[in-house]
Amino acid sequence: MLEKLKQEVYQANLDLVRHGLVILTWGNVSAIDRETNLVVIKPSGVSYDSMKVEDMVVVDLDGNVVEGSLRPSSDTPTHIAIYKAFAEVGAVVHTHSTYATAWAQACREIPNLGTTHSDTFHHNVPCTDEMSAEQIVSAYEAETGTVIADAFKNINPMHTPAVLVAHHGPFTWGESAAKAVENAVILEEVARMTSITVALNPTVQMNENLIEKHYSRKHGANAYYGQIKK
């Protein structure tokens, strides 16, 4: 079942390690098949060194295991909530990468201060509201998805495919597992650059015209960055 998607999710999870975004088992990737509404996700707490393709777990959008002998990631309800909230999302990544997590722990959005940020995330990367005591004790992982969705009430999630969960860490997404991982890599580098930038100049502001130019040349109707797809 969903063998191609399992392979993509397995490889994407290994790519988190390759890019230095996770240590131990601190991260997970999932992807959804929108035709069946089934999600493939990393198993909970399994070492990346020993993990195999066949260890990937298939769940439905209620979190029920459809296929797999291992327990799915404990973050599965958060991934599912993102898929339900954002119809265009095809894959989700969660890490505890150092700089992005530092901004999340500080409960600060990552401001757009340069063209590197603009190229991928368009606007500031939002940080969620802090979770209430009721949210934490009731259905914590699902409610994490709720605060993520709330943070995007006035933001296009495909223009800014990343979020910081207050006191927790980053989530990114994309049309595919590979794209979601790419966004996680870029987010960590942008978070690092921004940390250095605000240390050098705490009051720096970004030019709005420059933001729109850089985002539109890669993603706009008349985008011209890269090669023409044949």
Classify the ring geometry of Phe152 against Phe86: parallel below 30°, tilted from 30° to 60°, perpendicular beyond 60°.
perpendicular
Proximity of His96 and His168 rings by center, below 6.0 Å:
yes
Under a 3.5 Å distance rule, please check whether Asn183 uses its side chain to pair with a backbone N or O of Trp173 as donor and acceptor.
yes
Can you confirm whether more than 12 heavy atoms, excluding those of Arg71, are under 6.0 Å from its CZ atom?
no
Can you tell me if Asp33 uses its side chain to pair, donor with acceptor, with the backbone of Asn37 under 3.5 Å?
no
Thr78 side-chain N/O to Glu141 backbone N/O, donor-acceptor pair under 3.5 Å
yes
Ion pair present between Glu67 and Lys6, side-chain N to carboxylate O less than 4.0 angstrom?
yes
Test your reading of the model: is there a side-chain donor-acceptor pair from Thr25 to the backbone of Ser47, 3.5 Å cut-off?
no
So for atom CG, which belongs to Asn154, do other residues, nucleotides or ligands contribute more than 12 heavy atoms lying within a distance under 6.0 Å?
no
Does Lys42 make a cation-pi contact with Tyr48, if we ask for NZ or CZ under 6.0 Å from the ring centre and within 45° of the axis?
yes
Taking Ala100's backbone N and O only, do any of them form a donor-acceptor pair with Glu188's side chain (distance below 3.5 Å, no angle check)?
yes
Does Pro77 offer a backbone N or O that forms a donor-acceptor pair with the side chain of Asp75 under 3.5 Å?
no
Determine yes or no for a side-chain-to-main-chain donor-acceptor pair under 3.5 angstrom, with Glu189 supplying the side chain and Leu187 the backbone.
no
Could you check whether Lys4 pairs with Glu8 (Lys NZ or Arg NE/NH1/NH2 to Asp/Glu carboxylate O, under 4.0 Å)?
yes
So His79 and Tyr83, would you call those rings parallel, tilted or perpendicular, with 30° and 60° as cut-offs?
tilted
Donor-acceptor pair, distance only, cut-off 3.5 Å: does the side chain of Glu212 make one with the backbone of Asn209?
no
